Asker: 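After the structure tokens below, expect a handful of questions from me.
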Protein chains: 2
Amino acid sequence: MRVVDTDLLDRSGRLTRHDCFNRQFEGEVQVAVTIRDVARRAHVSVATVSRALTSPELVRPETRSRVLAAASDLGYQPNRAARGLITGKTGNIGIVVPDLDNPFFTGVLKAVQARAMQADYAVFVADSDEDPVAEAKLVHAMAKQVDGVVLCAPGLEDSQVYEVAGATSLVLLNRRLPGVPAALMDSAGGMHAIIDHLVALGHRRIAYLNGPRTSWSNQERRRGLMSAVAQHGVDLVDLGPFAPRYEGGLQAADLAVAADTTAIVAYNDIMALGVLARLRDRGISVPGDVSVTGFDDLTYAALCSPALTTVAMPVAQAGRTAVNLLLDWLDSDNTEVPQIVAETQLIVRGTTTPPRK
Amino acid sequence: MRVVDTDLLDRSGRLTRHDCFNRQFEGEVQVAVTIRDVARRAHVSVATVSRALTSPELVRPETRSRVLAAASDLGYQPNRAARGLITGKTGNIGIVVPDLDNPFFTGVLKAVQARAMQADYAVFVADSDEDPVAEAKLVHAMAKQVDGVVLCAPGLEDSQVYEVAGATSLVLLNRRLPGVPAALMDSAGGMHAIIDHLVALGHRRIAYLNGPRTSWSNQERRRGLMSAVAQHGVDLVDLGPFAPRYEGGLQAADLAVAADTTAIVAYNDIMALGVLARLRDRGISVPGDVSVTGFDDLTYAALCSPALTTVAMPVAQAGRTAVNLLLDWLDSDNTEVPQIVAETQLIVRGTTTPPRK
DNA sequence: AGAAAAACCGTAAACGTTTTCGAGCGCCAG
DNA sequence: CTGGCGCTCGAAAACGTTTACGGTTTTTCT
């Protein structure tokens with residue numbers, strides 16, 4: 001069955017691929033309006049058109065405006081592939097993330113996309129599915145089509161990151177490595193703030209539920225944790241690693257209560273949700289019997305009940321600065337390699353109170 | 001401060017943009033390996049290299065393998081911009097979504113990206129921020145750089161959708177329109193299943209909490225609802241519209257209990273969460289006093305407690321078929337305009353039981 | 001064996017830009 | 001009047017591919 005609104009779709013009645021590609025409705029019908037058409041209409045050469053559009057100071061104001069008029073009359077938009085072929089720049093940036101289903105990364109993606117569009121860049125997205133070798137392959141595949149890529153929280157070895165950094169301009173997000181620009185979030189600081197908060201409430205024996213040992217995120221969070229614990233001189237029960245999932249939280253909860261702690265610090269929100277569920281099932285009240293904290297401030301952290309005390313990651317800000325870094329890096333002499341860290345923020349809600357005496 | 005691992009990053013000690021772009025480490029150093037280099041090394045012409053790579057049946061197997069060897073030796077990868085310039089195809093597809101923070105759309109995106117990559121396409125992503133005019137602008141901006149775009153749940157008027165369909169090959173996702181291919185999900189069927197389920201449990205007076213009236217999703221869900229309600233001859237209390245957010249659910253809950261219904265079916269999961277929270281605050285037990293259902297099966301639907309009865313949307317499947325449709329449309333005579341609808345699935349969990357007598 | 005057909009491959013033109021080079025022109029200093 | 005300079009612009013060469021066309025070799029048929 002075929003339903004076609006001939007009036008709107010195609011006045012010839014047939015619907016060919018060619019017709020669908022670059023239709024122009026204003027003026028005469030032409031498949032694609034090129035710089036040559038603009039030149040003809042403005043009575044100048046193609047060179048002048050190009051100059052008028054990309055470096056206005058090189059043409060007389062009068063001819064420039066004539067060209068601009070012609071261009072907008074025809075609805076001309078430069079072919080970026082052709083432009084890229086000669087300039088060597090594509091006007092695209094890439095982003096590769098470990099998991100598009102993870103709201104953490106889509107938050108970053110959203111900001112990256114917005115900032116890029118604002119700077120007239122388009123963004124390629126790729127999902128590595130948490131697979132380090134896929135990560136490397138993806139940025140290599142992208143390398144030819146983009147001016148640079150932001151690589152989010154890669155699971156690659158340091159040396160492999162350097163290797164892919166050789167293939168294109170790279171900025172890291174949530175991973176620090178000497179010599180490559182990065183947009184970071186102060187998760188160590190956030191974790192420190194959690195411990196400060198719990199200690200201030202009176203907790204003296206605290207469990208930490210580790211995420212994946214090798215992940216940079218877990219190492220950072222652990223770093224802040226250790227520093228705070230040492231500073232305050234409280235007991236730390238170091239558990240795990242666990243899968244950073246709901247099920248991991250279920251599993252971890254039992255270990256934490258067996259260790260006789262009054263507060264449970266989870267690697268991230270979703271594990272914390274698992275902990276909450278397991279504790280409720282066992283009749284252990286939160287925050288009455290034990291306090292619980294998460295990390296990341298995903299939407300549901302505010303929505304569960306009691307609402308989860310957690311730390312908010314500045315994903316949007318980090319995404320923005322990542323593309324800022326990339327853009328700066330692209331059109332400067334890259335004499336320096338900045339690594340910018342954005343502040344995290346402790347959000348205390350309903351799952352933390354002073355421990356029962 | 002500048003930290004550079006000279007061994008890995010650049011043996012000249014300086015870190016220039018040019019050096020970072022397209023480094024080749026194997027064999028002699030060259031900025032970019034082109035088809036000409038491959039030709040030289042394989043002792044053939046550039047035309048033969050091109051043929052060997054794109055239409056193998058046109059060259060003798062022996063020379064083909066020689067070319068392939070040379071290509072892989074040099075690590076050659078064709079410049080897609082140059083290829084696109086002449087073929088008119090870019091090897092890219094675009095996707096524009098209303099909100100990258102919405103897990104529904106990132107689910108689609110993930111599948112689209114995976115399927116596209118599998119077919120050797122790269123994907124551009126754009127976020128319209130729920131703004132219809134941005135939607136139109138974005139696909140127009142993309143049009144020149146992609147072979148087609150999948151437009152997700154657009155808020156545009158029908159006529160405007162047709163207009164953008166003129167700018168590039170378009171397939172719709174979660175929106176049906178005569179004459180343009182679409183990947184749909186049977187949300188009407190899902191809603192029908194919800195009512196069947198509730199009626200089977202014994203409910204006779206059911207509230208529906210509308211989402212935005214103009215959205216195609218709400219209309220579809222409502223369609224399934226109406227059909228089921230008519231079929232079973234039960235009472236429907238039609239409330240709203242409400243904002244499809246947590247707060248909308250808070251607001252709607254009170255209206256629903258005031259209307260003396262035994263079951264509340266929400267437009268989507270997040271509204272349902274709001275309803276649950278409000279009911280709990282008011283001391284109304286779920287599912288004891290009233291049953292509640294959501295829609296979409298977001299992660300937290302399974303995680304809250306009691307776990308939410310909802311219907312799962314086949315987002316991944318729809319994403320896949322969307323790019324399948326696009327690819328088919330691209331290299332066929334587009335003689336037909338298929339609209340494929342994927343099945344939804346009712347997932348009954350803890351928020352629905354028979355009504356109290 | 002010879003001719004026709006098929007298979008294979010090279011030359012060159014195209015794709016739509018940007019950019020180098022130089023031409024034309026008006027102006028000023030010598 | 002001449003030479004040089006600055007401004008504006010056009011002609012043409014690139015960028016890295018694909019492909020139409022034609023030429024050479026190989027195969028096939030009689």
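Chain identifiers are assigned alphabetically (A, B, ...) following the order of the sequence lines, protein sequences preceding nucleic acid strands; residue numbering begins at 1 within each chain. This one's a predicted model, so the numbers in the text were calculated from it and none came from an experiment.
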Asker: Let me know the distance between CG of L58(B) and P of dT19(D), rounded to the nearest Å.
Answerer: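 In whole Å, dT19(D) P and L58(B) CG are 10 Å from each other.
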
Asker: For T321(B) and A183(B), work out which heavy atoms get closest and say how close.
Answerer: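 Heavy atoms of T321(B) and A183(B) come nearest at OG1-CB, 3.3 Å.
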
Asker: Compare every heavy atom of A70(B) with every heavy atom of A42(B), then report the nearest pair and how far apart it is.
Answerer: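 For A42(B) versus A70(B), the nearest heavy atoms are CB-CB, 3.9 Å.
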
Asker: Looking at DNA chain D, which of residues 59-69 of chain B put a heavy atom within less than 4.0 Å of it?
Answerer: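 Here the set is empty: none.
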
Asker: Determine whether L151(A) and V171(A) make a side-chain contact, defined as any pair of heavy atoms from C-beta on separated by less than 4.5 Å.
Answerer: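 With C-beta onward as the side chain, the pair stays apart.
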
Asker: Between K137(B) and D131(B), is there a side-chain N and carboxylate O pair less than 4.0 Å apart?
Answerer: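 So K137(B) does not pair with D131(B) through a salt bridge.
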
Asker: Does the T54(B) side chain pair with the main chain of S50(B), one donor and one acceptor, at a distance under 3.5 Å?
Answerer: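 Yes; at least one donor-acceptor contact below 3.5 Å.
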
Asker: Are any of the side-chain heavy atoms of F124(A) and V125(B) separated by less than 4.5 Å?
Answerer: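 Contact flag for F124(A)/V125(B) side chains = no.
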
Asker: Could you encode protein contacts along nucleotides 15-20 of chain C as a string, one character per nucleotide from 5' to 3', using B for base contact, S for sugar-phosphate-only contact and - for no contact, with a heavy-atom cut-off of under 4.0 Å?
Answerer: BBBBBB

Asker: Show the nearest heavy-atom pair for residues V149(B) and L326(B), with the distance to one decimal.
Answerer: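 In this case the closest contact between V149(B) and L326(B) is N-CD2, 3.9 Å.
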
Asker: Does any part of the side chain of L330(A), heavy atoms only, come nearer than 4.5 Å to the side chain of K89(A), both counted from C-beta?
Answerer: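 Yes. Closest side-chain heavy atoms under 4.5 Å.
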
Asker: Donor-acceptor pair, distance only, cut-off 3.5 Å: does the side chain of D127(A) make one with the backbone of L100(A)?
Answerer: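 Answer holds: yes.
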
Asker: Pull out every protein N or O sitting under 3.5 Å from an N or O of nucleotides 24-27 of chain D, one pair per line with the distance.
Answerer:
none

Asker: Within the side chain of E135(B), is there an N or O that forms a donor-acceptor pair under 3.5 Å with the backbone of G155(B)?
Answerer: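 It does hold such a pair.
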
